[in-house]
There are 2 protein chains.
Amino acid sequence: MQCVDTTPAARAEDAIFAALASPVRREVLRLLRERGPQSVQDLASGFAMARPSFSEHLRVLRDAGLVSERRDGRRRLYRLEAVPLVRVRDWLDPYERFWRGRLTGLRDLLDDMEDMNDTRDAAALGRAGDQETT
Amino acid sequence: MQCVDTTPAARAEDAIFAALASPVRREVLRLLRERGPQSVQDLASGFAMARPSFSEHLRVLRDAGLVSERRDGRRRLYRLEAVPLVRVRDWLDPYERFWRGRLTGLRDLLDDMEDMNDTRDAAALGRAGDQETT
DNA sequence: ATGACAGGTAGGATATTTCCTACGTATCAT
DNA sequence: ATGATACGTAGGAAATATCCTACCTGTCAT
């Protein structure tokens with residue numbers, strides 16, 4: 001009965017995935033990747049949004065560790081911090097064989113086998129298990 | 001002035017990233033990956049959540065194309081559909097050289113160079129965004 | 001047909017996100 | 001010092017997400 005875990009590592013992963021959920025924030029990351037470190041002004045100029053709203057998006061990215069800021073006079077230069085994205089890559093990794101299998105048609109076969117397995121198991125156990133859905 | 005685009009492809013990407021933002025939904029994908037296609041009952045048994053709430057999570061995953069359902073008598077077997085995750089892998093791809101550069105320490109040097117350049121004159125040349133890690 | 005079961009939809013409460021305007025703080029130029 | 005600039009925080013409105021309790025539909029067993 002593993003509900004969703006709450007270790008620091010898991011919360012960091014949550015923050016990263018949550019940050020990436022917004023197209024605005026993904027676009028910010030793209031700009032930083034393609035144009036290098038930039039001021040808030042330069043970054044914000046492409047978005048039809050009040051400055052404080054944009055600042056909030058930057059804060060979410062900062063909290064997720066995906067960008068860092070450096071003071072430069074009265075400007076603040078934001079920089080891409082790509083290392084946390086390794087977590088996303090690592091999360092994605094075990095799925096790769098599924099889409100590769102899927103693309104070659106092999107996975108369908110495996111799934112059908114698994115389906116049969118599942119059906120047989122359910123029948124064998126007489127479906128008496130699991131009422132603890134509270 | 002490129003705001004966030006709204007092409008069908010972009011909306012599909014949004015749906016995928018939004019679906020992955022919830023730890024519950026990522027856990028569902030993990031279960032489907034590790035244990036193969038399963039009924040809603042089997043999937044839901046690990047979560048402390050009412051059934052309709054869980055159904056809603058499944059709907060989000062379905063709308064993103066990340067799972068498919070197949071009727072099997074009065075049960076519905078959900079199956080992982082990994083192909084949309086290729087979009088995530090593709091999104092991630094251009095960032096890889098950044099974290100690799102970062103891990104070797106080379107990126108810091110390049111960033112510092114860019115920072116200086118940026119400070120003096122951001123629009124000096126079209127060099128923006130091109131720093132090779134090799 | 002009748003009841004039990006699997007899983008969905010409807011509608012609503014609450015929490016969170018996303019956006020805004022108004023204002024504060026630090027830096028730069030004069 | 002004074003004003004302008006860059007960017008943040010405060011606080012609130014509106015939209016959305018997440019959860020719930022009822023209830024409905026379709027399938028299976030009797």
Side-chain angles (χ1 to χ4, degrees), chain A residues 3-4 6 11 14-28 37-64 67-79 118-119 122-123 125-134, chain B residues 3-4 6 11 14-28 32 37-64 67-79 115 118-120 122:
Chain A
C3 300
V4 182
T6 54
R11 268 184 283 106
D14 280 0
I16 294 165
F17 275 101
L20 297 183
S22 156
V24 170
R25 293 190 290 263
R26 289 199 306 278
E27 178 68 8
V28 168
Q38 288 169 77
S39 67
V40 176
Q41 238 186 158
D42 291 344
L43 283 171
S45 67
F47 298 89
M49 183 183 300
R51 193 59 50 88
S53 308
F54 192 73
S55 278
E56 177 71 10
H57 283 295
L58 290 177
R59 195 185 58 74
V60 173
L61 288 168
R62 243 187 297 121
D63 290 349
V67 303
S68 61
E69 74 163 28
R70 185 168 67 77
R71 318 290 267 255
D72 173 45
R74 61 184 148 175
R75 300 186 312 163
R76 302 185 187 194
L77 294 182
Y78 276 80
R79 183 173 81 165
D118 188 282
T119 301
L125 290 171
R127 73 189 43 114
D130 59 285
Q131 272 87 351
E132 79 254 36
T133 337
T134 42
Chain B
C3 301
V4 182
T6 54
R11 268 183 284 105
D14 280 1
I16 293 165
F17 275 102
L20 298 183
S22 156
V24 170
R25 292 190 291 262
R26 289 199 306 278
E27 178 68 7
V28 168
L32 289 174
Q38 287 169 77
S39 67
V40 175
Q41 234 184 164
D42 291 344
L43 283 171
S45 67
F47 299 89
M49 183 183 299
R51 193 57 54 86
S53 308
F54 192 73
S55 278
E56 176 71 9
H57 283 294
L58 290 177
R59 194 186 59 74
V60 173
L61 287 168
R62 243 187 297 120
D63 289 350
V67 302
S68 61
E69 73 162 30
R70 184 167 68 78
R71 316 291 265 256
D72 173 45
R74 61 183 150 178
R75 300 186 312 163
R76 303 187 187 193
L77 294 183
Y78 275 80
R79 184 173 81 165
D115 288 357
D118 189 291
T119 299
R120 250 184 317 112

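To find a chain, count down the sequence lines: A is the first, B the second, and so on, and within it residues start at 1. Owing to the predicted nature of the structure, the values given are computational and were not obtained by experimental measurement.
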In whole Å, I'd like the distance from the [atom1] atom of [X] to the [atom2] atom of [N].
{"X": "A:R70", "N": "D:dC7", "atom1": "CZ", "atom2": "P", "value": "13 Å"}
{"X": "B:R26", "N": "D:dT18", "atom1": "CZ", "atom2": "P", "value": "11 Å"}
{"X": "B:D14", "N": "D:dA17", "atom1": "CG", "atom2": "C1'", "value": "16 Å"}
{"X": "B:D63", "N": "D:dA17", "atom1": "CG", "atom2": "C1'", "value": "14 Å"}
{"X": "A:F17", "N": "D:dA17", "atom1": "CZ", "atom2": "P", "value": "18 Å"}
{"X": "B:D42", "N": "C:dA6", "atom1": "CG", "atom2": "P", "value": "10 Å"}
{"X": "A:R62", "N": "D:dC7", "atom1": "CZ", "atom2": "P", "value": "12 Å"}

Legend entry - Short side-chain N/O contact from A:Y78 to OP1 or OP2 of D:dA6, under 4.0 Å: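 So the side chain of A:Y78 is outside the cut-off, no N or O lying under 4.0 Å from OP1 or OP2 of D:dA6.
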
Legend entry - Short side-chain N/O contact from B:S55 to OP1 or OP2 of C:dG7, under 4.0 Å: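 No.
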
Legend entry - Results of side-chain hydrogen bond (donor to acceptor under 3.5 Å, both in side chains) for A:R25 - residues two or more places apart only: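 Partners of A:R25 by the side-chain hydrogen bond (donor to acceptor under 3.5 Å, both in side chains) criterion, ordered by chain and then number, come out as A:H57.
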
Legend entry - Which residues share a side-chain hydrogen bond (donor to acceptor under 3.5 Å, both in side chains) with A:E56, sequence neighbours left out: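 Here the qualifying residues are A:R59.
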
Inset, instruction - Mind listing the closest non-hydrogen atom pair of B:F47 and B:E27 along with its distance? - result: CZ-CG, 3.3 Å

To the nearest 0.5 angstrom, please state how far the [atom1] atom of [X] sits from the [atom2] atom of [Y].
{"X": "A:D63", "Y": "A:I16", "atom1": "CG", "atom2": "CD1", "answer": "12.0 Å"}
{"X": "A:Y78", "Y": "A:L58", "atom1": "OH", "atom2": "CG", "answer": "4.5 Å"}
{"X": "A:L20", "Y": "A:R26", "atom1": "CG", "atom2": "CZ", "answer": "7.5 Å"}

Inset, instruction - Looking only at side-chain atoms of B:Q41, point me to the closest of D:dC7, C:dG8, C:dG7. - result: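 The closest nucleotide is C:dG7.
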
Legend entry - B/S/- contact track for nucleotides 17-30 of chain C, protein heavy atom under 4.0 Å: -SBBBB----BB--

